[in-house]
Amino acid sequence: MEKKLRIGWFSFTCCEDSTMVWIELMNENFFKWKDLLDIRYARVLKKNNKLDNIDVAFVEGAITNDEDAKKLRSIRKHSKKIVAIGSCAVNGMPAGQRNMFDDELKKEIEFLLVRFKQADKVRMVKDVVPIDDEVAGCPMQEEAFLGIMDKYLKEFGVINA
Ligand code: SF4
């Protein structure tokens with residue numbers, strides 16, 4: 001059987017616009033990628049998802065609570081590479097605006113953090129786990145994403161280098 005790149009797409013706290021960009025890129029590149037990608041995990045595309053033996057995990061969004069940090073560590077454990085996708089994952093903003101609130105505003109939102117079990121600080125992906133690459137932009141820059149996809153298709157021997 002031909003080797004495929006086993007990928008996962010994961011979204012944490014964010015508006016998920018990079019997911020929309022990814023879906024559009026999947027449409028545009030369908031005939032190029034359909035025999036090259038094995039989509040193991042992408043809740044936006046399918047119901048049955050497996051977090052195991054993933055070559056490249058694409059992670060969008062900021063990490064705002066301990067439960068998500070735990071999930072992210074599990075993604076790291078089951079993935080050979082992790083790519084932070086979009087500004088919220090890469091540098092924590094704009095999803096992490098509350099980190100910059102003054103004391104008064106922080107006091108005002110305190111009850112929400114408790115109600116929704118949120119951590120005191122919003123973290124970017126690399127605050128929680130080591131990452132291998134990142135695609136900046138809000139939403140992510142398409143050309144940069146295509147470059148990363150091409151790089152890993154070659155690195156994992158799916159297409160010729
Ligand atoms: S980086 Fe921008 S587009 Fe992506 S999730 Fe954050 S706010 Fe949305």
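Starting from 1, each residue takes its place in the sequence as its number. Quick note: numbers below take in every heavy atom, side chains included, and nothing from hydrogens, waters or symmetry partners. Remember, it's a predicted structure, so these values are computed and weren't measured experimentally. Order of appearance sets the numbers: ligands from 1, and atoms from 1 within every ligand.
Legend: residues meeting salt bridge (Lys or Arg N to Asp or Glu O under 4.0 Å) with Lys50, ordered by chain and number and at least two apart, are absent. With sequence neighbours excluded, no residue forms a salt bridge (Lys or Arg N to Asp or Glu O under 4.0 Å) with Glu16.
Judged purely by atom type and a 3.5 angstrom limit, Arg98 uses its side chain to pair as donor or acceptor with the backbone of Asp120.
Between Trp9 and Phe145, the ring-plane angle classifies as perpendicular under the 30° and 60° cut-offs.
No side-chain N or O of Asn29 forms a donor-acceptor pair with one of Lys34 less than 3.5 Å apart.
The salt bridge (Lys or Arg N to Asp or Glu O under 4.0 Å) pairs that include a residue from residues 147-161 are Lys81-Glu155, Asp133-Lys151, Asp150-Lys154, where partners are two or more places apart or lie in different chains.
Around atom 8 (Fe) of ligand 1, the protein contributes the following N, O or S atoms at distances under 2.8 Å: Cys15 SG.
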